[in-house]
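The structure appears right after this line, and notes come after that.
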Amino acid sequence: GIKMIIHVKQSFLVKSPSGEVFKAHNNDIVVPPDWVAQNEYFRLLCDSGKVSIHVDSKALDAEVAKEATTAPATKSKK
């Protein structure tokens, strides 16, 4: 799957519903666990600009390529 990479501009801590804790510190660039994206506080941090989300472009390219090979071909590539 595609992993998100985050750049942290303000330290934060979030908890999952199952009790897992994820901490990130100012200026960290990390790959958080998948459940973090579902956390309301994390989403607010992203909306306010205190956390920037980036996508692993190699994983994204691989995912797009995989979908292209499994999807019916509509155009031929030159």
Side-chain angles (χ1 to χ4, degrees):
I2 299 169
K3 293 287 182 193
M4 76 173 161
I5 300 167
I6 61 171
H7 178 206
V8 181
K9 298 171 188 161
Q10 177 180 317
S11 300
F12 71 92
L13 178 151
V14 291
K15 287 186 179 180
S16 74
S18 64
E20 288 179 82
V21 173
F22 175 75
K23 285 184 193 177
H25 302 282
N26 192 28
N27 288 323
D28 280 356
I29 297 175
V30 293
V31 177
D34 292 338
W35 61 263
V36 170
Q38 309 306 317
N39 182 280
E40 189 176 344
Y41 179 60
F42 176 76
R43 290 179 181 190
L44 290 171
L45 289 169
C46 294
D47 290 346
S48 68
K50 293 183 169 92
V51 174
S52 298
I53 297 179
H54 306 277
V55 175
D56 179 348
S57 59
K58 288 181 184 173
L60 182 60
D61 290 344
E63 195 75 17
V64 169
K66 187 172 82 178
E67 286 176 16
T69 57
T70 56
T74 52
K75 292 181 183 175
S76 61
K77 291 185 178 179
K78 292 183 181 180

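This structure is a prediction, so every number in the text was calculated from the model and none was measured. What you see below is based on every heavy atom in this structure, not just the backbone, and it leaves out hydrogens, waters and symmetry mates.
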>> To check you understand the geometry: which heavy-atom pair defines the closest contact between Lys15 and Val21, and what is its length?
In response: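 Minimum heavy-atom separation between Lys15 and Val21: CG-CG2, 3.8 Å.
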> Closest approach of Ile53 and Phe42, non-hydrogen atoms and distance?
Replying inline: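 It is CD1-CE2, 4.2 Å.
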> Who passes side-chain hydrogen bond (donor to acceptor under 3.5 Å, both in side chains) against Ser52, sequence neighbours left out?
Replying inline: Lys9
>> Is there a path of hydrophobic side-chain contacts, each under 4.5 Å between heavy atoms of I/L/V/M/F/W/Y residues, joining Met4 to Val30?
In response: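 Per the 4.5 Å side-chain linkage, Val30 and Met4 are co-clustered.
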>> Check for me, please, whether Val55 and Ile6 land in the same ILVMFWY cluster - side-chain distances under 4.5 Å, paths through other members count.
In response: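 As far as the 4.5 Å side-chain criterion goes, Ile6 and Val55 are not connected within one cluster.
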> Among all residues two or more places apart in sequence or in another chain, which pass the side chain to side chain contact (heavy atoms under 4.5 Å, CB included) test with Asp34?
Replying inline: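 Only Lys3 meet the side chain to side chain contact (heavy atoms under 4.5 Å, CB included) criterion with Asp34.
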> Who are the side chain to side chain contact (heavy atoms under 4.5 Å, CB included) partners of Ile5, not counting sequence neighbours?
Replying inline: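 Partners of Ile5 under the side chain to side chain contact (heavy atoms under 4.5 Å, CB included) test: Ile29, Val31, His54, Asp56.
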Euclidean distance, [Y] [atom2] relative to [X] [atom1], rounded to 0.5 Å:
X     : Y     : atom1 : atom2 : answer
Asp28 : Gln10 : CG    : CD    : 13.0 Å
Phe12 : Asn26 : CZ    : CG    : 11.0 Å
Ser11 : Lys23 : OG    : NZ    : 10.5 Å

> Under 4.5 Å between any side-chain heavy atoms of Asn39 and Phe22, yes or no?
Replying inline: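 They are not in contact (no side-chain heavy atoms under 4.5 Å apart), so the answer is no.
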> Heavy-atom distance under 4.5 Å between the side chains of Glu20 and Trp35, does that happen here?
Replying inline: yes
>> side-chain contact (heavy atoms from CB on, under 4.5 Å), that's the test. Do Val8 and Lys50 meet it? Break it down for me.
In response: CA-CA 6 Å; Val8 181; Lys50 293 183 169 92; over 6 Å; no
